[in-house]
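As the structure is a computational prediction, the values presented were derived from the model and not from experiment. Sequential numbering from 1 along the given sequence is applied to the chain's residues.
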Amino acid sequence: MSNIFVNNKKLILKSLMFMGFVVALVFLFVLIINVNIVAITNNDIYMIDEIDQISDDYDCILILGCGVNANGKPTPRLYDRIMTGLEAYNSDCSKIIFVTGDSEEPDYTETVAMKNTLIENGVDEQNIICDGYGLSTYESIWRAKNIYGYNKILIVSQKYHLNRAIYIAEHLGLEAIGLDAALKTYSKQPYYSFREFFARIKDMIYSEIQPNPQYTEKWEDIYE
């Protein structure tokens, strides 16, 4: 009986060691991918005080959506993206602002909130293009190139997100740089950064196989 107990204990210990080894390998793989994506894109990210270094010949200023409140107004992160995109627009980086995000349902419309905020701040409605089928970062950038025909884009988002967005854009054949929209500290930033750690793996795979997104037609502004 004691031999059986000892053997079972050894088996359990070996299993735990193997599982620990597998977990360590997965973590190392994820870490290496993250370090690589950040390293090859960091030089393409500009701060708001470096905006005068950005050229004025971009096809569009692409603002990535990231949530609206229950009242339909932009969340703090999204509002900062809109204001940063507005500054790029006012600095003549492009004549077009392309707002992309999730507006699939009538009671949740990121792009409508983005467009309305831009108009409230003086942007001509004719210079704003909306894509409510940008349901993810990959889909937003894929659609910007393949549905709307943009090839040279200035992406606006917070820095932790820009590394992934630029990586996707370059692998899809776009010329892209990023403008950091982190105008303040966000209370949930540790969660955003943790989520981004794994999102980079997903989009690295997507960037390699380049699947078509859920929607492959232009979005109709039916909820505005």
field: Thr137 OG1 to Lys202 NZ distance, which is reported to the nearest 0.5 Å
entry: 7.0 Å

Which residues share a ring-ring contact (aromatic ring centres under 6.0 Å, His included) with Phe198, sequence neighbours left out: Phe194

message: Nearest 0.5 Å, please: how far is NZ in Lys218 from CD1 in Ile129?
response: 7.5 Å

task: Please list all pairs passing the salt bridge (charged side-chain N to carboxylate O under 4.0 Å, His left out) test where one or both residues lie in residues 44-54, with sequence neighbours left out.
output: none

query: Would Tyr46 and Ile51 count as a side chain to side chain contact (heavy atoms under 4.5 Å, CB included) if you check the C-alpha gap in whole Å, the side-chain angles of each, and the deciding distance to 0.1 Å?
result: CA-CA 7 Å; Tyr46 291 77; Ile51 201 166; over 6 Å; no

- request: Please identify each residue that fulfils side-chain hydrogen bond (donor to acceptor under 3.5 Å, both in side chains) with Tyr186, with sequence neighbours left out.
  value: Asp80, Gln158

message: Would a single hydrophobic cluster contain both Ile168 and Val38, if residues Ile, Leu, Val, Met, Phe, Trp and Tyr are joined by side-chain heavy-atom contacts under 4.5 Å?
response: no

Expected output: side-chain Ser91 to main-chain Cys93 donor-acceptor under 3.5 Å: no

query: Within a strict 4.5 Å, meaning less than it, do heavy atoms of the Ile128 and Ile119 side chains meet?
result: yes

task: Go through the steps for Asn42 and Lys159 under the test side chain to side chain contact (heavy atoms under 4.5 Å, CB included), then give the verdict.
output: CA-CA 9 Å; Asn42 256 352; Lys159 186 177 186 299; 2.9 Å; yes

- prompt: For Gln126, does the CD atom sit with more than 12 other heavy atoms under 6.0 Å from it, leaving out its own atoms?
  reply: no

query: Under 3.5 Å, side chain of Glu139 to main-chain N/O of Gly134, donor-acceptor pair present?
result: no

task: For Lys188, enumerate each residue passing the side chain to side chain contact (heavy atoms under 4.5 Å, CB included) test, keeping only those at least two apart in sequence or located in another chain.
output: Tyr192

message: Could you check whether any side-chain N or O of Glu170 sits under 3.5 Å from a backbone N or O of Glu175, counting only pairs where one atom can act as donor and the other as acceptor?
response: no

query: Between Gly178 and Ile166, what is the shortest heavy-atom contact and its length?
result: N-CD1, 3.6 Å

All ring-ring contact (aromatic ring centres under 6.0 Å, His included) counterparts of Tyr148, not counting sequence neighbours: Phe98

task: Using the test side chain to side chain contact (heavy atoms under 4.5 Å, CB included), find all partners of Ala176 that sit at least two apart in sequence or belong to another chain.
output: Ile153, Ile155, Ala169

message: Ring-plane angle category for Tyr215 and Tyr133, please: parallel below 30°, perpendicular beyond 60°, tilted otherwise.
response: parallel

field: Side-chain (Arg143) to main-chain (Glu217) donor-acceptor, under 3.5 angstrom
entry: yes

query: Roughly how far, to the nearest 0.5 Å, is CD1 of Ile40 from CG of Asn163?
result: 9.5 Å

task: Determine, stepwise, if the pair Ile48 / Asp180 fulfils side chain to side chain contact (heavy atoms under 4.5 Å, CB included).
output: CA-CA 6 Å; Ile48 195 70; Asp180 183 8; over 6 Å; no

query: Are a donor atom and an acceptor atom from the side chains of Glu87 and Thr84 found within less than 3.5 Å of each other?
result: no

- line: side-chain hydrogen bond (donor to acceptor under 3.5 Å, both in side chains) pairs touching residues 54-66, sequence neighbours excluded, are Ser55-Asp57, Asp57-Lys152

message: Using side-chain heavy atoms (C-beta onward) and a distance below 4.5 Å, is Leu64 in contact with Val156?
response: no

message: How long is the straight-line distance from NZ of Lys145 back to CD1 of Ile141, given to the nearest 0.5 Å?
response: 12.0 Å

- prompt: Transitively linked via ILVMFWY side-chain contacts under 4.5 Å: Leu172 with Leu62?
  reply: yes

message: side chain to side chain contact (heavy atoms under 4.5 Å, CB included) for Leu78 and Met114? Distances and angles first, verdict last.
response: CA-CA 8 Å; Leu78 182 56; Met114 296 159 78; 3.8 Å; yes

query: Would you say the side chain of Thr117 lies within less than 4.5 Å of the side chain of Tyr79, judging by non-hydrogen atoms?
result: yes

field: Non-neighbouring partners of Asn127 that pass side-chain hydrogen bond (donor to acceptor under 3.5 Å, both in side chains), sequence neighbours left out
entry: Tyr89

message: Under the criterion side chain to side chain donor-acceptor pair (under 3.5 Å), I'd like the reasoning laid out for Glu196 against Ser193: C-alpha separation, chi angles, the key distance, then a yes or no.
response: CA-CA 5 Å; Glu196 189 67 18; Ser193 298; over 6 Å; no

Side-chain donor-acceptor contacts of residues 26-36 below 3.5 Å, not counting sequence neighbours, with atom names and distances?
residue: Asn34; atom: OD1; partner: Arg200; partner atom: NH1; Å: 2.8
residue: Asn34; atom: ND2; partner: Val30; partner atom: O; Å: 2.8
residue: Asn34; atom: ND2; partner: Phe197; partner atom: O; Å: 2.8

- line: Residues passing the side-chain hydrogen bond (donor to acceptor under 3.5 Å, both in side chains) test with Thr100, sequence neighbours excluded, are Ser140

task: Indicate if Tyr160 and Tyr167 have the same hydrophobic cluster label, given that clusters are the connected sets of ILVMFWY residues with side-chain heavy-atom separations under 4.5 angstrom.
output: no

- request: Please answer whether the main-chain N or O of Ser157 pairs with a side-chain N or O of His161 as donor and acceptor at a distance below 3.5 Å.
  value: no

statement: The complete set of salt bridge (charged side-chain N to carboxylate O under 4.0 Å, His left out) pairs with one or both residues in residues 207-216, sequence neighbours excluded, reads none

- line: Hits for side-chain hydrogen bond (donor to acceptor under 3.5 Å, both in side chains) against Asp203, two or more places apart or cross-chain, chain-then-number order -> Arg164

message: Do Pro211 and Tyr206 make a side-chain contact, defined as non-hydrogen atoms from C-beta onward lying under 4.5 Å apart?
response: yes

- prompt: If you look at every heavy atom in Ile82 and Pro74, which pair is closest and at what distance?
  reply: CD1-CG, 3.8 Å

message: Between Ile45 and Ile177, is there a side-chain heavy-atom distance shorter than 4.5 Å?
response: no

field: pair Thr109-Val68: side-chain heavy atoms closer than 4.5 Å
entry: no

SG on Cys130 to CH2 on Trp219, rounded to 0.5 Å: 5.5 Å

Rounded distance [0.5 Å steps], CD1 in Ile63 versus CG in Leu154: 9.0 Å

- prompt: Going by atom types alone, do Thr75 and Asn69 pair a side-chain donor with an acceptor below 3.5 Å?
  reply: no

